[in-house]
Amino acid sequence: MTGNHWGYGKEDGPSLWHRNYPVAQGSRQSPIDIIPHQAAHDHSLDAIILNYDHCTSINISNNGHSVVVEFDDSDDRSVIRGGPLDNAYRLKQFHFHWGGKGCHGSEHTVAGMSYASELHLVHWNAVKYKNFSEAATAPDGLVVLGIFLETGDDHRWLHVITDALYMVKYKGSLTDFKGFNPKCLLPSSLHYWTYLGSLTTPPLHESVTWIILKEPISVSEKQLGKFRMLLFTGEEEDQRIRMENNFRPPQPLKGRKVRSSN
Ligand SMILES: NS(=O)(=O)c1ccc(NCc2ccco2)cc1
Ligand SMILES: [Zn+2]
């Protein structure tokens with residue numbers, strides 16, 4: 001692994017990230033294996049509130065690690081609040097992690113079981129910090145809402161995203177993607193687990209309050225297959241490496257408590 005280059009392969013994958021990012025071996029790393037009956041039911045935990053009604057997606061891009069939809073975060077039009085949070089956190093982007101053909105691809109696991117994919121909605125604390133990058137290095141800077149994807153029926157709204165993936169096949173590609181409201185990707189229940197963790201990719205900052213929804217959403221194998229036609233590599237590169245298995249395995253809990261909403 002030369003320079004700060006990192007990936008998910010044998011030569012640059014998660015087990016080597018600690019060389020350039022020593023926090024990889026820190027005390028609040030993510031993802032983790034969630035063990036439901038060991039999670040403390042905390043009746044003081046409120047429901048989470050998602051105000052995405054006036055959200056403004058801007059673009060969709062392939063950053064060489066995942067496919068990312070970015071939002072206009074210049075005001076509090078799309079926020080998450082409630083639950084374990086002391087204030088509102090502003091939606092910045094969402095992206096996915098997934099597996100290879102048929103195998104699993106979520107980052108968090110539940111009692112050792114992984115899902116086919118995991119959606120991350122990334123938010124930052126605009127009350128205390130002036131921008132995402134500053135918030136991303138603060139212990140209370142970020143909130144990531146994690147949603148599991150399991151293979152089953154076609155998801156009626158996910159095709160809006162999968163139909164756009166051909167336009168961002170190569171690393172470094174970006175295209176307009178306006179008017180998408182991620183509220184359509186939520187499961188029916190907002191019951192969740194929450195714990196203090198980190199970014200799951202370099203720079204692995206320990207700045208994330210994780211909120212993981214218990215109920216997965218169903219997507220079809222065909223829809224998931226479209227994520228796998230993305231490439232880790234750029235258009236100008238000789239190698240064409242399929243983007244799949246872009247997930248970090250569970251990390252040591254190191255004494256942390258996972259709390260469960262009712
Ligand atoms: N998979 S995730 O939700 O934990 C996640 C979310 C966001 C970033 N951003 C990368 C970054 C942060 C500061 C500078 O660059 C990285 C990982
Ligand atoms: Zn992620």
Side-chain angles (χ1 to χ4, degrees), residues 3-8 12-14 17-18 20-24 26 28-34 48 57-71 73 78 80 85 89-99 104-109 114-126 128-149 161 171-172 174 182 185 192-213 216-217 224 227 230 232 243-251 256:
N4 280 353
H5 165 83
W6 59 272
Y8 293 95
D12 60 5
W17 291 350
H18 68 93
N20 289 316
Y21 304 94
V23 73
R28 59 173 277 189
Q29 288 291 293
S30 293
I32 60 169
D33 179 42
I34 296 164
I48 53 167
S57 62
I58 300 171
N59 61 47
I60 187 168
S61 65
N62 174 338
N63 64 11
H65 310 296
S66 182
V67 57
V68 187
V69 173
E70 296 257 18
F71 288 82
D73 61 349
S78 326
I80 184 171
L85 309 175
Y89 284 68
R90 220 176 261 182
L91 178 63
K92 166 83 179 153
Q93 55 106 316
F94 69 76
H95 62 273
F96 298 82
H97 303 263
W98 59 91
H104 287 112
S106 65
E107 299 210 295
H108 291 86
T109 54
S114 56
Y115 286 89
S117 173
E118 190 171 327
L119 162 61
H120 289 160
L121 291 135
V122 183
H123 310 72
W124 60 281
N125 187 336
K128 287 183 69 176
Y129 308 104
K130 62 178 188 300
N131 56 44
F132 173 82
S133 296
E134 189 192 309
T137 60
D140 61 350
L142 303 181
V143 167
V144 182
L145 180 65
I147 300 174
F148 292 121
L149 279 64
I161 292 173
K171 172 181 177 181
L174 176 142
L185 297 177
Y192 62 89
W193 294 289
T194 184
Y195 77 97
L196 297 180
S198 73
L199 299 174
T200 66
T201 70
L204 298 169
H205 293 322
E206 297 188 325
S207 57
V208 181
T209 298
W210 278 94
I211 298 176
I212 310 280
L213 297 187
I217 61 170
L224 263 187
F227 282 91
L230 295 167
F232 279 127
M243 188 179 276
E244 55 187 26
N245 298 308
N246 55 350
F247 61 91
R248 187 191 195 190
Q251 300 301 307
R256 286 174 284 176

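As the structure lists them, so they are numbered: ligands from 1, and atoms in each ligand from 1.
- Of all heavy-atom pairs between Val23 and Pro203, the closest is CG1-O, 3.6 Å.
- The two residues Val208 and Ser198 come nearest to each other via the heavy atoms CG2-C, 3.5 Å.
- Listed by first then second residue, pairs satisfying side chain to side chain donor-acceptor pair (under 3.5 Å) with a partner in residues 57-69 number zero, not counting sequence neighbours.
- Taking OG1 from Thr109 and CD1 from Ile32, the interatomic distance works out to 8.0 Å, rounded to the nearest 0.5 Å.
- Residue His120 approaches ligand 1 through these ligand atoms, each under 4.0 Å from one of its heavy atoms: 1 (N), 2 (S), 3 (O).
- Note: an N/O pair closer than 3.5 Å links His95 and ligand 1 by distance alone.
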Can you list the steps and then say if Asp140 with Tyr129 is a side chain to side chain donor-acceptor pair (under 3.5 Å)?
CA-CA 10 Å; Asp140 61 350; Tyr129 308 104; 2.4 Å; yes
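- Nearest protein heavy-atom contact of atom 10 (C) of ligand 1 is Pro203 CD, 4.1 Å.
- For Arg90 and Asp73, the salt-bridge test fails: no basic side-chain N is under 4.0 Å from an acidic carboxylate O.
- Using a 4.0 Å cutoff on heavy atoms, Ser133 does not count as a contact of ligand 1.
- In this structure, the separation between CH2 on Trp17 and OG1 on Thr200 is 6.5 Å, given to the nearest 0.5 Å.
- Residue Val144 has at least one heavy-atom neighbour below 4.0 Å for each of these atoms of ligand 1: 3 (O).
- Nearest residue to atom 6 (C) of ligand 1 from Thr200, Leu142, Val208, Leu199 is Leu199 (criterion: closest heavy atom).
- Taking only non-hydrogen atoms, the option from Asn246, Thr201, Val122 nearest to atom 16 (C) of ligand 1 is Thr201.
- Ligand 1 has an N or O atom lying under 3.5 Å from an N or O atom of His97, backbone or side chain.
- Only the side chain of Trp210 comes within 4.0 Å of ligand 1, counting heavy atoms alone; its backbone N, CA, C and O stay farther away.
- Checked by atom type and distance alone, the side chain of Gln251 pairs as donor or acceptor with a backbone atom of Pro249 at under 3.5 Å.
- When Ala136, Gly141, Pro31 are ranked by how near their heavy atoms come to atom 13 (C) of ligand 1, first place goes to Ala136.
- The aromatic ring centroids of His108 and Trp210 lie less than 6.0 Å from each other.
- By the 3.5 Å distance cut-off applied to N or O atoms, Gln93 is not counted among the residues near ligand 1.
- Note on the Zn ion (ligand 2): protein N, O or S atoms under 2.8 Å away count 3, no waters included.
- Residue contact check: Phe132 has heavy atoms under 4.0 Å from atoms 12 (C), 13 (C) of ligand 1.
- Looking only at distances, a side-chain donor or acceptor of Glu206 sits under 3.5 Å from a matching main-chain atom of Arg28.
- Judged purely by distance below 3.5 Å, without hydrogens or angles, the side chains of Tyr195 and Ser30 pair a donor atom with an acceptor atom.
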In sequence, state the C-alpha distance, the side-chain angles, and the governing distance for His18 and Leu204, and then conclude on side chain to side chain contact (heavy atoms under 4.5 Å, CB included).
CA-CA 10 Å; His18 68 93; Leu204 298 169; over 6 Å; no
